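One structure is given here, and the rest of the page talks about it.
Keep in mind that this is a model prediction, so the values were computed, not measured. Hydrogens, waters and symmetry mates play no part in the numbers below; they use all other heavy atoms, side chains included. Residue numbers start from 1 in every chain, and the chains themselves are labelled A, B, ... in the order their sequence lines are given, proteins ahead of strands.
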Protein chains: 4
Amino acid sequence: MRKKNKELHAQRRKEILEAASQCFIEKGIHKANMQEICRTANLSPGQLYRFFKSKDAIILALAEQERQAAAGMIEYIRNNEANVAEALHTISSDLIPEITDISYARMSIEFVGEAGRNKEVANLFEKIEKDFRMCLEQAIKTSQKAGSVKKSVDPPSATTVILSLFDGLSVRSSFETIANKKKLTKTIQELIRALLCKNANKGECS
Amino acid sequence: MRKKNKELHAQRRKEILEAASQCFIEKGIHKANMQEICRTANLSPGQLYRFFKSKDAIILALAEQERQAAAGMIEYIRNNEANVAEALHTISSDLIPEITDISYARMSIEFVGEAGRNKEVANLFEKIEKDFRMCLEQAIKTSQKAGSVKKSVDPPSATTVILSLFDGLSVRSSFETIANKKKLTKTIQELIRALLCKNANKGECS
Amino acid sequence: MRKKNKELHAQRRKEILEAASQCFIEKGIHKANMQEICRTANLSPGQLYRFFKSKDAIILALAEQERQAAAGMIEYIRNNEANVAEALHTISSDLIPEITDISYARMSIEFVGEAGRNKEVANLFEKIEKDFRMCLEQAIKTSQKAGSVKKSVDPPSATTVILSLFDGLSVRSSFETIANKKKLTKTIQELIRALLCKNANKGECS
Amino acid sequence: MRKKNKELHAQRRKEILEAASQCFIEKGIHKANMQEICRTANLSPGQLYRFFKSKDAIILALAEQERQAAAGMIEYIRNNEANVAEALHTISSDLIPEITDISYARMSIEFVGEAGRNKEVANLFEKIEKDFRMCLEQAIKTSQKAGSVKKSVDPPSATTVILSLFDGLSVRSSFETIANKKKLTKTIQELIRALLCKNANKGECS
DNA sequence: TATGAATGAGCGTTCATTCAT
DNA sequence: TATGAATGAACGCTCATTCAT
């Protein structure tokens, strides 16, 4: 009984977050109102407020979700520290189509904007981004030691460039349709090699 | 007398836009209210509305300002079509410090978010971005013909990558301080060369 | 339960319309503000707006009510087309006391004024008036054929005169108390007979 | 000098009233704003307020103007007290086209509405209407003694009917174009005869 | 536990009126 | 005397949140 209730509770929370996400993507965080989220989630306001104590709590929970997604990537890079270039190459194939999806892009923009005015969201973001940066920077350093990345690469700058590239790709997707995602992915994969590897034009990092 | 009035008028508009910009950066477009903008600009609501007919009009005017800035860059690239790589290299030195400024970055985020819900802002943005993309794509093609850019480069993808990189840099700056802008600029300049030029490691595009 | 809610809803709408009507009569449509209507209807603004989406919607609903009233008269005249004079005679007894009621009169004035600046109200009014005019004109023509109305009567002019008389009676009542409604009714009834019937002084139309 | 100033002053007042009248007709008293009236009158707000101490003062002055117009008619009827029917017949020819003019009609509506919420305007109206009523009632009585009006006529009711007819004609004209003013005038003239005179169908009152 | 009616502060905006120049 | 920039209270309306049922 206990367990069932907990599961139901978690399930409801998920449904609410999905409904909220949908509304936020469609109208933006500020223009989407609670009434609408309730309707989309098939819930009364009173019920919804039993699961989330405020609109801000929903936004935060949604941001938290994104954090979980990022955690997977961090894990993958950490497990392939000796060859970041290859890890990024592999990740890109899945990541680029995902982050250039308009819904994902719109949601990201909303979060970044929200981070600018909501301290809690900002803190969460900062944490995710710091984790990501540290993981990637570390991986570049390790890869340099392992010889798979050029010594001339400045790890912090390279990290900033790589993260920016993905962030930018997502932002652009919110207002511009990416024509050819396959070619774009290939271009980015080559670029990352060019940035990190010695004989980039050889097609693969040693 | 006439002239003075016109100057005063223009001066006031500028002051209002500055005040609004400041408020938008601090609180976000939606949370910043007109009362606050008025207070910041040392103006009564009635007075402010003599200069801008609505909050949206202020947002649009601010977006228009950004457009003017972009126009300068477009012009520069167009005048150096035969060697985009070099043009981008030159531009980067000024552009990167500017777009990584936290105020600029925060404002950009707000605009992108606003574009998702305000048709007029969206149209303006679309136009800027289309101009930019077309200009850069054309320059890459011309540079390819001139031999300064590799034939293997896919102009649309390269354009997307370059624009994304700058967009991303700006977005990141809104939540993360860029430690070493000099080094970052250098890394990006090299990256763009690597992306576009044959003998990128030689330090310069032929 | 469902039904009760619906009934409650309808009841509330009615209450709001009554409150609004009262405020409009007392202060005029423009000077009466929503806060006041809310107070009169014992409702918060948020609540009121669940029933009517705008002040204009309230005005329109009130105008619609009047339209319903008019529809009854149109129906009656239509059912007695062969003898309009008699129909008007009958109607007058009820109609005159009603339209000379100060509240009714004040509300009418407000509507006419509103029609001059609110397109939707104007359209509604135009429709009512056109229906009324057409119905009356037709009835006069039919009565002429049936012999109960003089051939010399010009249907459009007679219609205008009759409608104007009632409109005018109402307007006057908004700023002047009608001393003797009985006598006035009799005078008007005789006048309408004089206007339409052959042997008007005989006291009845053949 | 003194005189010239006074004349100029009066002239300006007239111009302002004309401008205001125009604005009120176009937009209604409440939607017409002072800025607009100033612009129409080619005057700065500061100047305008030297001539009229408030918007209400303008409305009142405009109402006063109408009063002057009414005074002319009162005078005419008073001078023909022994034969009101004839006097009304004569007056109608000029009066009906005038009061069915849309501008006049719209202005009248605005005034009546205003009277409902502005005590001073209400007082003025009451006075005009009382004068008019007394004059007409008196004329009917005098005409009855003189034999030109039927004894059976109830002076107060007949007065109300006649005044209502003219008021109603004006009101209707604000939302319905009068198709044939000539025929309408004739119909009304005959109606007034029928109301007041013994052998109305003879075409003239003895 | 569940509902959705109810709240009310706060939003963007307008405009009659004033007053420094 | 003449200007028009400036004021600020008040408007219609929204919506995150609460609470009686």
(request) Using atom CD of B:E15 as one end and atom P of F:dA6 as the other, report the distance to the nearest whole Å. (result) 10 Å
(message) So that I can tick it off, tell me whether A:E110 and B:R117 are bridged by a salt bridge, with the cut-off set at under 4.0 angstrom between side-chain N and carboxylate O.
(response) yes
(message) Taking only side-chain N and O atoms of A:R50, does any of them lie within less than 4.0 angstrom of OP1 or OP2 on E:dT1?
(response) yes
(message) By nearest atom, which of the nucleotides E:dT17, F:dC11, F:dT3 is closest to the C:N33 side chain?
(response) F:dC11
(request) For C:R39 and E:dT7, give me the distance from atom CZ to atom C1', rounded to whole Å. (result) 15 Å
(message) Rounded to whole Å, how long is the line connecting atom NZ of C:K27 with atom P of F:dC11?
(response) 9 Å
(message) What I want to find out is whether C:R106 reaches C:E26 closely enough, with some N-O distance under 4.0 Å, to be called a salt bridge.
(response) no
(request) Could you check how far CD of C:E36 sits from C1' of F:dA10, rounded to whole Å? (result) 12 Å
(request) Starting at atom CD1 of C:I16, determine the distance to atom P of E:dA5, rounded to an integer number of angstrom. (result) 12 Å
(message) Using only atom types and a distance under 3.5 Å, with no angle test, would you say the side chain of A:T40 pairs donor to acceptor with the backbone of A:E36?
(response) yes
(message) In whole Å, I'd like the distance from the NZ atom of C:K55 to the P atom of F:dA10.
(response) 15 Å
(message) For a quick test of reading the model, state the closest non-hydrogen atom pair linking A:Y49 to A:S54 and the distance between them.
(response) CE2-CA, 4.0 Å
(request) Looking at every strand, decide which applies to B:A57 at a 4.0 Å heavy-atom threshold: base, sugar-phosphate, or nothing. (result) nothing
(request) Looking only at side-chain atoms of D:P45, point me to the closest of E:dG12, E:dA16, F:dA5. (result) F:dA5
(request) Please check the phosphate of F:dC13 (OP1 and OP2 only) for any side-chain N or O of C:Y49 closer than 4.0 Å. (result) yes
(message) If you only use heavy atoms from C-beta on, which nucleotide in F:dA6, F:dA2, F:dC13 is closest to the side chain of B:Q47?
(response) F:dA6
(request) Nearest-nucleotide wise, let me know which of C:N42 and B:S54 is further upstream toward the 5' end of DNA chain E. (result) C:N42
(request) Report the distance from atom NZ of C:K53 to atom P of F:dG12, rounded to the nearest whole Å. (result) 16 Å
(request) For the residue pair C:E15 and C:Q11, confirm or rule out a side-chain donor-acceptor distance under 3.5 Å. (result) yes
(request) Side chain of D:M34 only, please: which of E:dT17, F:dT17, F:dA9 is the nearest? (result) E:dT17
(request) Would you kindly compare C:G46 and C:I29 by the position of their nearest DNA chain F nucleotide and give the one closer to the 5′ end? (result) C:I29
(request) Counting Watson-Crick and G-U wobble pairs only, both distances under 3.5 Å, name the nucleotide matched with E:dA20, or none. (result) F:dT3
(request) Nearest-nucleotide wise, let me know which of D:K31 and C:R12 is further upstream toward the 5' end of DNA chain E. (result) C:R12
(request) To the nearest Å, give me how far apart CG (C:L48) and P (E:dG8) are. (result) 15 Å
